There are 2 protein chains.
Amino acid sequence: MDKTTITSIAQTTGFSISTISRVLNGKAEKYRISPKTVEIIEKEASRCNYSPSLIARGLRMNKTHTIGLVVPSIDNPFFANVASVIVREAKNAGYTIVLMDSAESETGETECVRSLLSHRIDGMIVVPCGVSPDYLEKIDQDNIPVVLVDRYFERTRLPYVSTDNFSGAYEATEHLIRHGHKHIVCLQGNPVATPTKNRVAGYLKALSDHGLEQFATIVGNDFSVQNGYGETKLLLASDNRPSALFALSNTIALGAYKAAREAGLTIPDDLSLVCFDNYMYLDYLEPPVTRVAQPIDEIGVLAIKILLRSMEKRDERSSQLLLPPTLLLAKSVRQL
Amino acid sequence: MDKTTITSIAQTTGFSISTISRVLNGKAEKYRISPKTVEIIEKEASRCNYSPSLIARGLRMNKTHTIGLVVPSIDNPFFANVASVIVREAKNAGYTIVLMDSAESETGETECVRSLLSHRIDGMIVVPCGVSPDYLEKIDQDNIPVVLVDRYFERTRLPYVSTDNFSGAYEATEHLIRHGHKHIVCLQGNPVATPTKNRVAGYLKALSDHGLEQFATIVGNDFSVQNGYGETKLLLASDNRPSALFALSNTIALGAYKAAREAGLTIPDDLSLVCFDNYMYLDYLEPPVTRVAQPIDEIGVLAIKILLRSMEKRDERSSQLLLPPTLLLAKSVRQL
DNA sequence: AAACGTTGCACAAACGTTTGTTCAAAAATA
DNA sequence: TATTTTTGAACAAACGTTTGTGCAACGTTT
């Protein structure tokens, strides 16, 4: 049982491969193929379970209907969620996702990107780990559109869609302040990531807007549970314990949570907590955690939309979007 | 700036494309290409940032170095985790993953599979939603190896790798029984999925081995939080409340958790809880939940290993593996 | 009946690779 | 010097598509 191709159908039906191709692509009338012929060919195609070779087509058309997606770690609820949305939206638009995990490393990322280029993807969506947009911009200029998601670069022509991290952090911090907190510590993630920087900035602005600059404290260095745990351990062992923590991710918050519990502290009675990222489980902790939710669905949808538009007409002004987050109130903040 | 191909390099260096190809594939000495020539070509290739077209190569070689992965829902911690491992392992073996989400639907699954076949993937890893292995077996016979993961079929030649769900459930149930529980209700997931069936079987066997058949109660119908929530609500409203719940997934457990809390019940004092699936967050609930952990890493590693082996020599006896789970003790079970 | 428009399809090139075969020139041997 | 061997590389086909063009046969008009 040989693979059935357009050529094999041509042989068994006696028509030429161009005719087969045209029929199977619905261009029968455009090329005046007779209804009889169409029927014969379609019948044969379905009899043989013909499935067109997208790679042959890709080679000929110089278009693979394939989109590359590079995330720092699929095994992270946030990115898994993003990937989920993107896979769905891409499919709706007739595209297929090639998934890469850069493992939070810059070299990992460039490897992924090189591989994607070799696969001749039509465009790519990247959550960058690196600090420079240069090589991605070059790729974009070479006609492989790139869209950044979540993390992005300050000065770049590349389109991106992310959350308005600044205002999200500002709101969260102000929420704490309004509840009487002054000594609020910020547990940050990877300091070079734009989201981190903007969240930290929002946190600082909120403090200074309320004359609390002197309490500003920023600790930590990555988005891991361990980081949240370790930093909180240190904080709680020190002389002047903060009254509230602002964790820049849900993973960091989890670590803080554990450290607080181990110290015998009750949230929110002894320590208040707010974090970034929404996640189902946060509602089931005791107490549920007040958090800044990112509009993941919208982010994914827009990322694909922008990418598709860039793929159509390359001259377009690139969209750089920051979507508004939502503060979800729960019970982890105490009114002092 | 035109795309650089093997042909463009041939033109600028003056050599033929076959020579370029051989040099760039490290077959220089095999074909006695002179060191000088090699150097010239390699220099030019790197100057132009040459990246071979994997789709052209795929067409010629009839091998794309691409593996399809179909999961019911990427946005599910368990499958995200599986995907993560598989992406990593595939990459290590020189393969790239094309990710598909079947959305827990049989038609969604066949669509995904059709698409993958059109993309001419070299093999695929599937977490099947359907009830029949037939069409997948046919694909496997047609020389596109298929490996099942997590869910599988009772009677099939297809290789699979999953958890020994029966013994995991048996152990979990017995754990409850040893703690004095008799009235243990099983909150099941999708009843047609093999894991569900085997877990239920393990649960029943444990009960009957301890002469508790009469307490056997199985409710629910899918792996959602809502299912766990709804069923637990009903249970807790009934006259004879169970003393313990056995949730067949962590999502179901979450729903049960919420319902219990809403009913003002304390776990484990008023109600004991054990569930399937490990997940970071389970340790942070109050109390942490005792659970049956699946060896996800091993599952992913083995799935790729088996797939690669099938791709090499098709005659191989297919491996059907059930890996042992681990009961992780926490604090959600009360000693009666 | 001659000229012409239509209908229905076939031919062939191209996309970027890999690889079996061929072949001239250089080197080695006789 | 004449012959054989070795060296270094080119030629060409093939993978499965799409698409611009060509061209018979048929039908219509004058």
Side-chain angles (χ1 to χ4, degrees), chain A residues 2-42 44-45 48-66 117-122 143-144, chain B residues 2-42 44-45 48-66 117-122 143-144:
Chain A
D2 280 340
K3 234 27 232 123
T4 114
T5 72
I6 226 175
T7 317
S8 74
I9 297 182
Q11 280 167 350
T12 71
T13 61
F15 293 101
S16 77
I17 57 168
S18 47
T19 301
I20 313 291
S21 170
R22 285 172 173 137
V23 168
L24 264 26
N25 286 309
K27 301 184 181 172
E29 17 192 327
K30 182 178 169 194
Y31 286 94
R32 304 180 313 240
I33 315 268
S34 76
K36 264 183 294 181
T37 307
V38 169
E39 197 194 329
I40 295 176
I41 294 178
E42 283 179 342
E44 175 66 10
C48 298
N49 221 307
Y50 171 71
S51 127
S53 165
L54 295 187
I55 75 167
R57 183 179 291 172
L59 181 58
R60 168 64 218 240
M61 310 280 280
N62 200 24
K63 164 114 184 162
T64 56
H65 282 275
T66 275
L117 290 178
S118 240
H119 276 286
R120 298 294 188 262
I121 43 101
D122 295 331
N143 245 295
I144 309 292
Chain B
D2 281 338
K3 242 2 237 136
T4 115
T5 72
I6 226 175
T7 318
S8 74
I9 297 183
Q11 280 167 349
T12 71
T13 62
F15 294 101
S16 76
I17 58 167
S18 48
T19 301
I20 312 291
S21 170
R22 284 169 173 140
V23 168
L24 264 26
N25 285 310
K27 300 183 181 173
E29 18 191 328
K30 183 177 169 195
Y31 286 93
R32 303 180 314 239
I33 315 265
S34 77
K36 264 183 293 181
T37 306
V38 170
E39 198 194 328
I40 295 176
I41 293 178
E42 284 180 340
E44 175 66 9
C48 298
N49 221 308
Y50 171 71
S51 128
S53 166
L54 295 186
I55 75 166
R57 183 179 291 170
L59 181 58
R60 168 65 219 243
M61 310 280 278
N62 199 25
K63 164 115 183 159
T64 56
H65 282 275
T66 276
L117 290 179
S118 238
H119 276 286
R120 298 294 188 262
I121 43 103
D122 295 330
N143 245 296
I144 308 294

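Note that this is a predicted model, so its numbers are computed, not measured.
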Determine the contact category for A:Ser53: base if any of its heavy atoms lies under 4.0 Å from a base atom, sugar-phosphate if only primed atoms, P, OP1 or OP2 are that close, otherwise nothing.
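The answer is sugar-phosphate, as A:Ser53 gets under 4.0 Å only of primed atoms, P, OP1 or OP2.
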
Is A:Tyr31 touching bases, backbone alone, or none of the nucleic acid, heavy atoms closer than 4.0 Å?
base

Between B:Thr19 and B:Ile55, which residue's closest nucleotide on DNA chain C lies nearer the 5′ terminus?
B:Ile55

Given DNA chain C, 5'-ward residue of the pair A:Ile17 and A:Arg32, judged by closest heavy atom:
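With A:Ile17 and A:Arg32 compared, the 5'-side residue is A:Arg32.
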
For atom [atom1] of [X] and atom [atom2] of [N], their distance in whole Å:
X        : N      : atom1 : atom2 : result
A:Asp122 : C:dC15 : CG    : C1'   : 15 Å
B:Lys3   : C:dT17 : NZ    : P     : 10 Å
A:Leu59  : D:dT17 : CG    : P     : 12 Å
B:Asn62  : D:dT17 : CG    : C1'   : 14 Å
B:Glu29  : D:dA9  : CD    : P     : 14 Å
B:Leu54  : C:dT17 : CG    : P     : 9 Å
B:Asn25  : C:dG16 : CG    : P     : 17 Å
B:Leu24  : C:dT19 : CG    : P     : 14 Å

Side chain of B:Met61: nearest nucleotide among D:dG16, D:dT17, C:dT19?
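Output: C:dT19.
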
What nucleotide among C:dT17, D:dA10, D:dG16 has an atom nearest to a side-chain atom of B:Phe15?
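Closest nucleotide to the B:Phe15 side chain: D:dA10.
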
Determine yes or no for a side-chain-to-main-chain donor-acceptor pair under 3.5 angstrom, with B:Ser118 supplying the side chain and A:Pro52 the backbone.
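Yes; judged by distance alone, with no hydrogens or angles, the pair exists.
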
Is the side chain of B:Thr64 donor-acceptor paired with the backbone N or O of B:Arg120 at a distance under 3.5 Å, no angle test?
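Checking the backbone N and O of B:Arg120 against the side chain of B:Thr64, a donor-acceptor pair under 3.5 Å is found.
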
Any heavy-atom pair between the side chains of A:Tyr31 and A:Val23 that's under 4.5 Å?
no

Side-chain contact test, heavy atoms from C-beta onward, threshold under 4.5 Å: evaluate it for A:Asn49 versus A:Thr4 and give yes or no.
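They are not in side-chain contact.
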
Could you tell me whether the phosphate oxygens of [N], OP1 or OP2, come under 4.0 Å of any side-chain nitrogen or oxygen in [X]?
X       : N      : result
A:Ser34 : C:dC9  : yes
A:Lys27 : D:dT19 : yes
B:Thr5  : C:dG16 : no

Considering Watson-Crick and G-U wobble pairs with both distances under 3.5 Å, what does D:dA25 pair with?
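Here D:dA25 is engaged in a pair, and the nucleotide opposite it is C:dT6.
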
Donor/acceptor link under 3.5 angstrom from A:Ser18 side chain onto base of C:dC11
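Pair found.
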
State whether the distance check finds a donor on one side and an acceptor on the other, under 3.5 Å, for side chain A:Arg22 versus base D:dG20.
yes

Under the side-chain contact (heavy atoms from CB on, under 4.5 Å) test, residues paired with A:Thr12 that sit two or more places apart
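In terms of side-chain contact (heavy atoms from CB on, under 4.5 Å), with neighbours along the sequence ignored, A:Thr12 is linked to A:Glu44.
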
